[in-house]
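Below is one structure, written out as structure tokens; comments come after it.
Below, read A as the first sequence line, B as the second, and so on, with proteins coming before strands; counting in each chain starts at 1.
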Number of protein chains: 2
Amino acid sequence: MAAKKQTPPGKELINFARLQDYIGYRARQAQSAIFRDFTTITDSVGLSPGEFSLLTLIGANPGINQVTLVSLHNLDKSTLSLAIRDLKRRNLIESRRQTEDGRYFALYLTKLGSQRQRQATALVEGQERRMDKMLKPGEREILLDLLKRISKAFD
Amino acid sequence: MAAKKQTPPGKELINFARLQDYIGYRARQAQSAIFRDFTTITDSVGLSPGEFSLLTLIGANPGINQVTLVSLHNLDKSTLSLAIRDLKRRNLIESRRQTEDGRYFALYLTKLGSQRQRQATALVEGQERRMDKMLKPGEREILLDLLKRISKAFD
DNA sequence: TATTGTTATACTCTATAACTATA
DNA sequence: TATAGTTATAGAGTATAACAATA
């Protein structure tokens with residue numbers, strides 16, 4: 001009978017309270033949009049977002065150990081341990097017990113891991129270029145600087 | 001024996017590859033810092049972050065239904081249904097079946113829910129003011145605008 | 001038939017605690 | 001005793017699918 005839907009109202013009819021004026025809210029929206037796309041990218045090369053991040057850090061820091069990765073990732077060591085085990089099983093990384101201090105295991109990318117990491121990196125750079133299209137010259141640097149300062153507000 | 005720790009190296013010794021130059025990476029760092037603090041805030045009034053968000057939207061849109069909330073939240077309706085049930089149990093919201101179309105339940109804050117929402121909002125505004133301290137005049141508006149445009153890159 | 005909302009179930013990611021191995 | 005790393009277990013948050021109620 002009615003020509004147009006009565007409910008649910010479109011987003012434009014919704015009262016967002018002050019939400020849209022909050023940095024917290026906008027940062028969540030943006031990060032969530034980026035992350036959804038990022039997940040599609042890492043999925044396409046058979047990695048989770050966290051795994052891509054781990055492969056990148058291990059690739060750039062050969063011989064890094066788990067304690068150091070934990071401090072970079074805000075993860076518990078038990079959580080990281082599971083992720084590491086999984087990456088080993090899939091032959092993406094390998095670990096060798098250090099001779100100087102046998103408590104540490106030095107982590108390295110395998111050839112396969114290195115290849116996957118490079119594949120994913122190329123796709124992620126593409127994502128960055130898509131974001132650049134929304135920005136004017138110089139605005140990328142401004143955004144990075146502002147985000148860095150926001151992070152520092154919670155140190 | 002050694003005077004200084006050998007491992008793990010401090011963050012300053014870590015090679016971050018290109019990570020620090022990515023908007024995706026910086027946005028994740030910033031959002032994650034904000035969110036950790038946000039969780040502490042909502043915890044302190046007995047809410048989860050998602051519950052605070054739901055209470056805010058219901059408070060600003062009395063009579064809103066679950067389909068509409070789902071479209072705003074990027075959640076499955078089954079997930080939202082559980083959250084709504086929980087908020088009802090704790091007497092923070094109430095729902096009334098609509099007379100015009102009995103498939104819908106109109107949602108409202110209870111007095112208690114409204115009070116909690118206001119408490120949390122005051123604390124969240126405090127968080128925004130702490131972020132402002134890292135920014136110069138005008139930079140908040142710039143940041144909000146840039147974040148909005150980044151979100152639009154993935155529409 | 002289509003839509004709103006619920007429930008059973010399972011999956012993913014995470015942390016806590018107890019553990020082993022090395023120092 | 002202290003630190004690196006593993007494992008068992010549990011909790012939070014999520015989605016899928018089957019369902020009931022209403023239109």
Using whole Å, what does the distance between atom [atom2] of nucleotide [N] and atom [atom1] of [X] come to?
X        : N      : atom1 : atom2 : result
B:Ile84  : C:dG5  : CD1   : C1'   : 11 Å
B:Phe35  : D:dA12 : CZ    : P     : 14 Å
B:Phe105 : D:dA20 : CZ    : P     : 16 Å
A:Glu51  : C:dC13 : CD    : P     : 8 Å
B:Gln66  : D:dA21 : CD    : C1'   : 14 Å
B:Leu69  : C:dG5  : CG    : P     : 9 Å
B:Ile93  : C:dG5  : CD1   : P     : 12 Å
B:Asp101 : C:dA2  : CG    : P     : 16 Å

Partner residues of [X] under the side chain to side chain contact (heavy atoms under 4.5 Å, CB included) criterion, sequence neighbours left out:
X        : answer
B:Gln115 : B:Leu112, B:Arg118, B:Gln119
A:Glu141 : none
B:Leu82  : B:Arg85
A:Asp76  : A:Ser78, A:Thr79

Which hydrophobic side chains are connected to B:Met134, either touching it within the sub-4.5 Å cutoff or through other members that do?
-> none

Is it possible for you to check whether A:Arg96 lies under 6.0 Å from the centre of the six-membered ring of A:Tyr108, through NZ or CZ, and within 45° of that ring's axis?
->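 A:Arg96 over A:Tyr108 ring: yes.
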
Listing time: all N or O pairs from protein to nucleotides 1-3 of chain D that are below 3.5 Å?
residue	atom	partner	partner atom	Å
D:dT3	O4'	A:Arg103	NH1	3.3

Under 4.0 Å: is that the gap between some side-chain N or O of A:Gln98 and OP1 or OP2 of C:dT22?
-> no

Kindly say if B:Arg85 contacts the phosphate of C:dT6, meaning a side-chain N or O under 4.0 Å from OP1 or OP2.
->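 For C:dT6, OP1/OP2 do not have a side-chain N/O of B:Arg85 under 4.0 Å.
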
Distances for protein N or O near nucleotides 13-18 of chain D N or O, under 3.5 Å:
residue	atom	partner	partner atom	Å
D:dA15	OP2	B:Asp76	N	2.9
D:dA15	OP2	B:Thr79	OG1	2.8
D:dA15	N7	B:Thr79	OG1	3.2
D:dT16	O4	B:Ser78	OG	2.8

Salt-bridge contact B:Lys111-B:Glu94 (side-chain N to carboxylate O under 4.0 Å) | no

Taking only residues two or more places apart in sequence or in another chain, which ones pass salt bridge (Lys or Arg N to Asp or Glu O under 4.0 Å) with A:Arg130?
-> A:Asp37

If you look only at pairs with a residue in residues 42-91 of chain B, which of them pass as a ring pair (Phe, Tyr, Trp, His ring centres under 6.0 Å), with sequence neighbours excluded?
-> B:Phe38-B:Phe52

